[in-house]
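To start, the structure under review is shown below, and the notes come after it.
Hydrogens, waters and symmetry mates are skipped; everything else that's a heavy atom, side chains included, is used.
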Amino acid sequence: MSLPQEPAATTEPILSRLFWFPVNLLQAVLVVLWTAGGITLTLIVCAVLRRKSPGLTLARRVWAPGILLLGPVRLRVEGREHLDPSRVYFFVANHQSWVDIPALFKALPVPLLFLAKRELARIPFLGSYMEAMGMVYVDRADRGKAVRAVSQAAQRLREGYSILSFPEGTRSPDGRVQPFKTATFAAALEAGVPVVPVALEGPARILPRDGFHARPGVIRLKIGEPLPAAGLTRDDRADLARRAQEEVEGLLADLKAL
């Protein structure tokens, strides 16, 4: 399915850029302070309670809404009726912007872990939070580590934590869905949990790839019907990835048509 190209950034008059520069600078400072404070609180709470789940709840109910409020970003969600909050899912979503992460945290009503690039572990505060929560790092440059990451993700799913993957591997440069990589789908197959396609429309306009040029706006997010993975084997992962990509593309086309 071919979707219309969406520019990664919008050309703005110089007066508009001059107006937004101090606003974005203030937003960036507040995002860092809010995130650092939230991570500190989370690490303390989780250390005292000796459980991960309160940290994920704080991310969904406190940190993510606060980040979106700083935008300000309005979030509109469709398809929550497809989810049972008591079940475990392997979510796959298109990736347009860093603001995808708070939008997904807030929208999905389950304890949510992310498959993340290994480089994020080196970011102060964020790396500590991700380690404490049990996020799974993927190093695609090292096949052995990538295989271990898939096994670790499958274990997290068996422990009762839903996981979200961006199978494109990086943020889309033009808003269109890039080809899905198949490796991480093996985690859903090993754990036998459904794969849920999710599409986001709007993040690229709110926070483009080229620097911190945030703008107010609306993110529309649509959750598709779960794709069963129980009974499938690793040999089926390419077909499962293809079906998931087609579903995400269809959901995104629906959102663009609104």
Side-chain angles (χ1 to χ4, degrees), residues 6 8-10 12 16-46 52-80 83 85 91 93-114 116 120 123-130 132-133 135 162 164 166 171-172 175 198-223 251-252 255-256 258:
E6 179 176 329
T10 302
E12 288 183 311
S16 176
R17 295 198 299 271
L18 289 173
F19 166 79
W20 280 108
F21 177 78
V23 175
N24 288 160
L25 184 60
L26 177 61
Q27 287 173 315
V29 170
L30 292 175
V31 164
V32 170
L33 293 175
W34 182 253
T35 300
I39 288 174
T40 301
L41 175 62
T42 295
L43 294 177
I44 292 171
V45 169
C46 290
K52 300 173 187 174
S53 54
L56 299 176
T57 300
L58 284 170
R60 179 162 59 92
R61 295 186 177 178
V62 179
W63 175 77
I67 293 294
L68 297 178
L69 184 63
L70 288 171
V73 176
R74 298 191 304 279
L75 181 63
R76 297 177 182 170
V77 182
E78 298 178 42
R80 280 201 184 105
L83 302 179
F91 295 96
N94 62 312
H95 196 13
Q96 296 186 1
S97 165
W98 287 118
V99 79
D100 295 344
I101 294 171
L104 288 160
F105 256 133
K106 183 178 180 182
L108 301 177
V110 294
L112 187 64
L113 300 177
F114 283 79
L120 295 178
I123 299 177
F125 279 102
L126 181 60
S128 300
Y129 170 79
M130 295 179 74
M133 293 301 100
M135 303 285 180
S162 292
L164 187 135
F166 294 117
R171 290 167 291 167
S172 171
V198 180
L200 301 100
E201 196 281 326
R205 293 189 298 273
I206 289 168
L207 186 63
R209 285 163 51 106
D210 59 337
F212 194 89
H213 306 298
R215 299 293 183 266
V218 177
I219 292 176
R220 290 177 295 171
L221 185 149
K222 190 168 186 178
I223 303 165
L251 296 170
L252 185 59
L255 291 172
K256 287 178 176 289
L258 294 177

Review point. Relative to the ring of Phe166, is the ring of His95 parallel (under 30°), tilted (30 to 60°) or perpendicular (over 60°)?
Key: parallel

Review point. Going by heavy atoms in the side chains, are Thr35 and Ile67 under 4.5 Å from each other?
Key: yes

Practice item. Answer yes or no: is there a donor N or O on one side and an acceptor on the other, between the side chain of Arg80 and the main chain of Ala107, under 3.5 Å? Key: yes

Point to revise | Under 3.5 Å: donor-acceptor pair, side chain of Trp20, backbone of Ala214 | key: no

Practice item. Walk me through it: do Leu112 and Arg60 pass the test side-chain contact (heavy atoms from CB on, under 4.5 Å)? Key: CA-CA 9 Å; Leu112 187 64; Arg60 179 162 59 92; over 6 Å; no

Practice item. Can you spot which of Ile219, Leu104, Val99 makes a side-chain contact (heavy atoms from CB on, under 4.5 Å) with Leu75? Key: Ile219

Check your understanding: What distance do Ile206 atom CD1 and Arg74 atom CZ have between them, rounded to the nearest 0.5 Å?
Key -> 9.0 Å

**Study point:** Leu207 CG to Gln96 CD distance, which is reported to the nearest 0.5 Å
**Key:** 11.0 Å

**Study point:** Minimum-distance pair of heavy atoms, taken over all atoms of Leu221 and Ala103
**Key:** CD1-O, 4.3 Å

Check your understanding: Quick one: CG on Leu251 to CD on Glu78, what's the gap to the nearest 0.5 Å?
Key -> 9.0 Å

**Study point:** Point-to-point distance, once rounded to the nearest 0.5 Å, from CZ of Arg220 to CD of Glu201
**Key:** 4.5 Å

Point to revise | 4.5 Å side-chain heavy-atom contact, Met133 and Cys46 | key: yes

Check your understanding: Taking all atoms of both residues into account, what is the closest heavy-atom pair of His213 and Asn24, and its distance?
Key -> CA-OD1, 3.5 Å

Practice item. Would you indicate whether the side-chain heavy atoms of Leu113 and Leu56 approach each other to under 4.5 Å? Key: yes

Exercise for review: Heavy atoms only: give me the nearest Pro65-Lys106 pair and the separation to one decimal.
Suggested key: CG-CD, 4.2 Å

Point to revise | Atom pair CZ/OG1 of Phe105 and Thr57 - distance to nearest 0.5 Å | key: 10.0 Å

**Study point:** Asn94 to Leu200 - nearest heavy-atom pair and separation
**Key:** OD1-N, 2.8 Å

Point to revise | Heavy-atom closest contact (Trp63 atom, Trp34 atom, distance) | key: O-NE1, 3.1 Å

Revision key, fill the gap. Distance col, row Tyr129:OH vs Leu43:CG, nearest 0.5 angstrom, shows 9.0 Å

Practice item. Please confirm whether the backbone N or O of Gly217 pairs with a side-chain atom of Arg205, one donor and one acceptor, at under 3.5 Å? Key: no

Review point. Short question: side chain of Gln27, backbone of Gly71 - any donor-acceptor pair under 3.5 Å?
Key: yes

Check your understanding: More than 12 non-hydrogen atoms from neighbouring residues, nucleotides or ligands closer than 6.0 Å to CZ on Phe212, yes or no?
Key -> yes

Study note, to complete from the structure: Taking every heavy atom of Leu83 against every heavy atom of Ile223, the minimum-distance pair comes out as CD1-CD1, 4.0 Å

